[in-house]
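Below, each value reflects all heavy atoms present in this structure, side chains not excepted, and no hydrogens, waters or symmetry copies. Both counts, for ligands and for their atoms, begin at 1 and track the order of listing. Start at 1 with the first residue, then count along the sequence. No experiment lies behind these values; they were computed from the predicted model shown.
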Amino acid sequence: MSTSTPLLVFAGSTRAQSLNRQLAAVAADIGRDAGAAVTHIELADFDIPLYNADLEAQGTPRDVVRLKELFFAHPAWIVCSPEYNGSYTALLKNALDWASSPVAGHPEWQDGLKPFRGKVVGMLSASPGALGGLRSQSHLAPLLVNLECWLAPKAFALGGAASAFDANGQLVQAAHQERVRAVVEQVLWAAGRLHAPA
Ligand SMILES: Cc1cc2nc3c(=O)[nH]c(=O)nc-3n(C[C@H](O)[C@H](O)[C@H](O)COP(=O)(O)O)c2cc1C
């Protein structure tokens, strides 16, 4: 059922050695292994300014529209959320805020929820700390629900992440790999059913 489901994977960090970017790469590989059509994006590749309604009034940036299009095109998402001060990053919030902001008068994007509604989202996080960024997920969850996403019940917070990956970016512990796999597979399973043709 999950075969060829379009799966979008991204992390809320642009740091070169980002643990969450590494985790996103692992999740993307797992998605491909499961037969999903994976699109793994980097927020660094999107030229998105800090949200400002006055700026927006001059025209929604092209890369915001590109992000809306990508969100809309993928029924299943994996989001890898770093934790800053017990919450998710400003980078992630800014991207989601822009993507959810209606484009006045635009035939496709005047509905701000359109890129989000009905998406099945699996949350992952990674942190050097013991809780693995779990608190970022607790803040991200209501934001996503507010945007009418469906959250997968399974989620995973990778604690001690600074030593969790090998030099090739693979997870060292099989148990961690299985936790990520469980989230990805549940997201694909649910998206396959929720988005099945009527
Ligand atoms: C401003 C700031 C606040 C942070 N707050 C937390 C925190 O509350 N909990 C936590 O586990 N790690 C915290 N960290 C550490 C991050 O988890 C760590 O830098 C992590 O590597 C960031 O994710 P990334 O590797 O994907 O960029 C914080 C880091 C910064 C820069």
request  = Check each atom of ligand 1 against the heavy atoms of N20 and keep those under 4.0 Å away; list them by number with element.
outcome  = 23 (O), 24 (P), 26 (O)
ask   = Which of these, V120, V187, T39, I30, sits in a side-chain contact (heavy atoms from CB on, under 4.5 Å) with L7?
value = V187
inquiry  = Within the protein, is there a heavy atom lying under 4.0 Å from atom 23 (O) of ligand 1?
reply    = yes
query = Is it true that E178 and R181 make a salt bridge, defined as a side-chain N closer than 4.0 Å to a carboxylate O?
reply = yes
ask   = Who's closest to atom 14 (N) of ligand 1 heavy-atom-wise, of R21, Q22, E83, R135?
value = E83
key: Non-hydrogen side-chain atoms of V79 and F10 separated by less than 4.5 Å   = yes
request  = Quick one: look up the protein heavy atom nearest atom 26 (O) of ligand 1 and list residue, atom name and how far away it is.
outcome  = S18 OG, 2.5 Å
query = Counting only heavy atoms, which portion of S13 has something under 4.0 Å from ligand 1: side chain, backbone, both, or neither?
reply = side chain
task = Starting from atom 19 (O) of ligand 1, find the nearest protein heavy-atom neighbour and note its residue, name and distance.
result = Y84 CE1, 4.6 Å
key: Distance under 6.0 Å and angle within 45° of ring axis: K119 vs F71   = no
key: L124 reachable from V26 in the ILVMFWY side-chain graph, under 4.5 Å edges   = yes
query = Heavy-atom distance under 4.5 Å between the side chains of K114 and K68, does that happen here?
reply = no
ask   = Taking the six-membered ring for Trp, are W109 and F72 parallel (under 30°), tilted (30 to 60°) or perpendicular (over 60°)?
value = perpendicular
ask   = atom 11 (O) of ligand 1: which of S87, G129, S127, A157 has the nearest heavy atom?
value = S127
ask   = For ligand 1, which atoms sit closer than 4.0 Å to a heavy atom of G86?
value = 7 (C), 8 (O)
request  = Measure the distances from the heavy atoms of N85 to every atom of ligand 1 and state whether one is below 4.0 angstrom.
outcome  = yes
task = Run down the list S136, P82, P128 and name the one with the heavy atom closest to atom 20 (C) of ligand 1.
result = P128
message = If we only consider heavy atoms of Q17, is any one of them less than 4.0 Å away from an atom in ligand 1?
response = no
inquiry  = Atom CZ of residue position R62 - does it have more than 12 heavy atoms of other residues, nucleotides or ligands inside 6.0 Å?
reply    = no
